[in-house]
Structure formats: structure tokens, C-alpha cells
Number of protein chains: 2
Amino acid sequence: MTGPEGLDPQQLGAYFAFTEAASLLQHQVEQHLRADGGLSYVQFQLLARLADAGGPLTMTQLADGVVYSRSGLTYQAGLLEKAGLVTRAPSPDDERATLVAITEDGLALFGRVLSGHVEVVRSMLLDPLSEEDLQHLGGIMTRVRDHMRALPPRSAAPRKRRAARSL
Amino acid sequence: MTGPEGLDPQQLGAYFAFTEAASLLQHQVEQHLRADGGLSYVQFQLLARLADAGGPLTMTQLADGVVYSRSGLTYQAGLLEKAGLVTRAPSPDDERATLVAITEDGLALFGRVLSGHVEVVRSMLLDPLSEEDLQHLGGIMTRVRDHMRALPPRSAAPRKRRAARSL
DNA sequence: TATTGTTATACTCTATAACTATA
DNA sequence: TATAGTTATAGAGTATAACAATA
């Protein structure tokens with residue numbers, strides 16, 4: 001490998017293995033969701049949030065962590081609504097807000113797809129882990145995730161130079 | 001095989017934390033690469049492979065693991081070539097093959113971007129890890145990755161029903 | 001015939017900015 | 001003024017299938 005200045009082989013190995021495993025898992029998950037439910041991963045996550053919430057969420061609440069732009073959520077919510085999986089209605093409390101709720105069909109589809117989703121996760125990620133591995137992984141990833149969440153959103157990537165032109 | 005229906009809280013927690021951490025890291029990495037080098041993550045990976053190989057690679061060799069379709073690689077290689085970061089030439093050994101090589105400019109850009117990339121990975125992923133954590137993470141993720149690589153490419157997502165129509 | 005790669009095309013998704021409406 | 005959401009639009013990326021050329 002190209003020994004990047006500053007990462008020792010152990011750090012590099014952990015980083016690459018982590019990244020590749022996440023990428024392989026995500027790809028298989030997306031394959032499954034598309035084939036079995038016609039859903040993208042984002043759409044699945046949105047349905048999961050709504051199913052989990054047990055009631056309507058505003059667009060802003062729904063967006064949190066799943067999508068990085070308002071318009072992106074409007075687009076996805078539009079697709080889900082057109083497919084009859086969610087409804088959108090103005091909130092009585094705050095006339096500016098839109099309340100998104102999952103429909104019967106949405107719940108049915110989500111439930112149907114969920115079992116296959118779990119199967120993918122189990123067979124790819126969980127099967128090769130011992131009980132001890134699972135404890136370690138859970139502890140480490142929870143700590144890392146919380147650390148990432150707490151970082152200043154932008155400055156994690158230090159601004160050394162002006163933005164380059166894209167290819 | 002297909003175990004009991006759901007995942008227990010520990011499995012669920014590890015899965016969610018893993019997924020979210022990977023997603024947060026990837027997002028920041030992409031932000032940085034785009035801002036600092038005008039590169040997408042895929043493009044950065046392609047340059048990394050070429051820099052690491054120390055010589056030209058065929059399109060097929062270059063694609064492995066980075067891209068999931070031939071045409072996708074042709075598209076990306078075209079962009080990199082147009083930007084002067086790689087060259088493409090027919091292989092002398094096999095006239096069907098295209099040899100892709102990184103240019104001086106490509107190496108320079110890669111080197112310039114790499115340090116910031118490492119900084120992002122360190123600050124987000126490595127900083128909160130102890131020496132012991134790193135050992136555990138490396139061991140676990142390596143095992144998981146190898147397990148994923150060894151799985152039959154398609155049947156990981158069991159074919160329970162006909163492919164659904166996309167939204 | 002199988003393999004390597006490109007092209008044509010259509011589609012999905014995302015992001016920015018301008019806009020509307022309410023607080 | 002600030003916030004919630006939508007729309008318009010443009011761009012990046014991907015995948016499929018048809019294709020050409022070589023093994």
C-alpha cells in the first residue's frame with residue numbers, strides 16, 4: 001500500500017477493512033432493497049423512521065441524519081407519497097410544517113422488506129462475529145459514532161486551500 | 001442460516017452504530033476530497049490504486065472492488081483522462097485491453113489530497129480509539145470483510161419474491 | 001465463442017438558489 | 001427576520017444493452 005504519512009500499518013489496515021466492509025454491506029443491502037421492495041436505501045430509512053416513530057413526523061424531524069438537503073427530502077417524500085407509502089399534510093400546530101405519516105401500505109411494505117434486510121445483515125456482518133466480537137464492535141462503533149456526531153460539522157476537513165474545481 | 005426473526009438489541013445497536021459511523025465518515029471524506037481536490041471518492045480510489053500499483057493497470061484490474069459496472073469505469077476513466085490525471089493506451093500484450101497509468105499531475109494531486117484525507121480519517125475514526133480498540137477493530141473488520149468477499153455475490157440477498165417495481 | 005472495453009441512453013439522486021408562506 | 005418546505009434546474013453518477021475488436 002501507499003504508506004500515507006502518518007498512518008501506521010495497523011491504523012491503515014483497520015481503516016481499509018472498515019471502509020471496505022461498510023461498502024460491501026451497503027451494496028448488498030441496496031441490491032436487496034431494490035430487488036425485494038423497489039426501495040432505495042434512503043427510502044427504506046425514511047420508512048423505518050416513520051414506522052419506528054409510531055406517528056407523524058415533520059419533514060425536518062424526518063430528515064435528520066438521513067438526508068443532507070431539504071430539497072432532497074422533498075423529492076424522496078414525493079416519491080414515497082406517489083407510491084402510496086406515506087401521506088403528507090400540513091401540521092395543525094405549525095402551519096409551516098408538513099406532517100409525514102406512514103400508510104398501511106407503507107407499513108406492510110416495510111415489514112415485508114425488513115426480514116430480508118435483517119437476513120442480509122446477519123449473513124454478511126453478524127454471522128462471522130463471536131459474542132465477544134459483537135460486544136467490542138458495538139462498544140467501539142458507538143463511541144466512534146458519538147464522537148463523529150459531536151465534531152464540528154465542517155471543520156473536520158481542515159480548509160487548507162480553496163475549493164478545487166471538480167472534474 | 002435464517003435465525004430467529006429479529007435482531008437482539010446488542011446486534012441492532014452494533015449494526016446501527018457501524019452503519020451510521022461509516023456513513024458519517026464517508027460523507028466527510030467526500031466533502032473533503034471534493035473541496036480540496038475536486039475529486040469524488042471513486043475517483044480518489046482509482047488514483048490511489050494507480051499510485052499504489054506503481055505502473056499501469058488494465059481497466060479490469062482497476063475496476064476490481066471500486067466500481068460495479070464496466071461502463072461506470074469507462075466514464076470515470078474518461079473524466080480522469082480529460083483532467084490530465086491518467087493516460088489510457090492500448091496494451092501491447094493484449095490488444096483488447098486498455099492500460100491506464102497515472103500521470104505526474106495525477107500523482108501530485110493524489111499526494112496533495114492524501115494528507116488532508118488522512119487527517120479526516122484520523123480525527124473522525126482513529127482519535128477516539130485506544131490501542132486495544134484499534135486491534136479489536138482491525139481484527140474484526142478484516143474478518144468481516146474477508147467473509148463478505150467470500151460470499152456468493154448475489155445469493156446473499158435471497159430471492160424470496162419477484163423484483164419489485166422501483167418507485 | 002468468450003473477453004475487453006466503449007458508446008448510447010435513460011434514469012436516479014443530489015444540491016443550490018429562488019420562492020412562498022407562516023411564526 | 002427567521003423558519004419550514006417546495007420548486008426549478010442543473011449536474012454527477014450509475015446501469016443496461018448494443019456494439020466493435022481481439023483472443
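In the text below, chain A, chain B and the rest are named by the order of the sequence lines, each starting its count at 1. Below, each value reflects all heavy atoms present in this structure, side chains not excepted, and no hydrogens, waters or symmetry copies.
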Strictly below 4.0 Å: does A:S71 bring a side-chain N or O up to OP1 or OP2 of C:dA17? no
At a heavy-atom distance below 4.0 Å, what parts of residues 92-101 of chain A sit against DNA chain C? A:D94, A:E95, A:R96
Over how many whole Å does the gap from A:L73 atom CG to D:dA4 atom P extend? 13 Å
For A:Q11, enumerate each residue passing the side-chain hydrogen bond (donor to acceptor under 3.5 Å, both in side chains) test, keeping only those at least two apart in sequence or located in another chain. none
Pick base, sugar-phosphate or nothing for B:V67, based on heavy-atom distances below 4.0 Å to the nucleic acid. nothing
So, does B:T142 use its side chain to make a donor-acceptor pair with the main chain of B:G139 at under 3.5 Å? no
What residues 75-86 of chain A contributes to the DNA chain C interface at heavy-atom separation below 4.0 Å is A:Y75, A:Q76, A:L79
Please pick, from C:dT16, C:dT6, D:dG5, the nucleotide with the shortest atom-to-atom distance to any side-chain atom of B:R88. C:dT6
If we ignore hydrogens and angles and just use 3.5 Å, is the side chain of A:R112 paired with the main-chain N or O of A:L107 as donor and acceptor? no
Please give me the minimum heavy-atom distance between B:S40 and B:R34, naming the atom from each residue. CB-NH2, 3.5 Å
Counting only heavy atoms and a strict 4.0 angstrom limit, can you tell me which residues of residues 47-60 of chain A come near DNA chain C? none
Examine distances only and state if a side-chain atom of A:R165 and a backbone atom of B:G37 form a donor-acceptor pair shorter than 3.5 Å. no
Closest-nucleotide mapping onto DNA chain D: is A:L167 or A:H27 further toward the 5' terminus? I mean the 5' end. A:L167
Check whether B:Q61 reaches the backbone of B:T58 with its side chain - one donor and one acceptor, N or O, closer than 3.5 Å. yes
Select base, sugar-phosphate, or nothing to describe what B:S91 touches, counting heavy atoms under 4.0 Å on all strands. nothing
Exercise answer: donor-acceptor pairs, residues 78-87 of chain B side-chain atoms, under 3.5 Å, sequence neighbours excluded:
unit_1: B:E81; atom_1: OE1; unit_2: B:R88; atom_2: NE; d: 3.2
unit_1: B:E81; atom_1: OE1; unit_2: B:R88; atom_2: NH2; d: 2.9
unit_1: B:E81; atom_1: OE2; unit_2: B:R88; atom_2: N; d: 3.4

Could you list the donor-acceptor pairs under 3.5 angstrom formed by side chains in residues 93-102 of chain A, with sequence neighbours left out?
unit_1: A:D94; atom_1: OD1; unit_2: A:R96; atom_2: N; d: 2.9
unit_1: A:D94; atom_1: OD1; unit_2: A:R96; atom_2: NE; d: 3.2
unit_1: A:D94; atom_1: OD2; unit_2: A:R96; atom_2: NH2; d: 3.0

Does the plane of the ring in B:F18 sit parallel, tilted or perpendicular to the ring in A:F18? Use 30° and 60° as the thresholds. perpendicular
Quick check: B:Y15 with A:H117 (ring centres under 6.0 Å apart)? yes
Pick base, sugar-phosphate or nothing for B:Q43, based on heavy-atom distances below 4.0 Å to the nucleic acid. sugar-phosphate
Quick one: is D:dG11 close enough that its OP1 or OP2 comes under 4.0 Å of any side-chain N or O from A:S166? no
Whole-Å distance separating the CG atom of B:L33 from the P atom of D:dA12: 16 Å
Check whether any side-chain nitrogen or oxygen of A:R34 sits under 4.0 Å from OP1 or OP2 of C:dC13, and answer yes or no. yes
Find the distance A:R70:CZ to D:dA8:C1' and express it as a whole number of Å. 17 Å
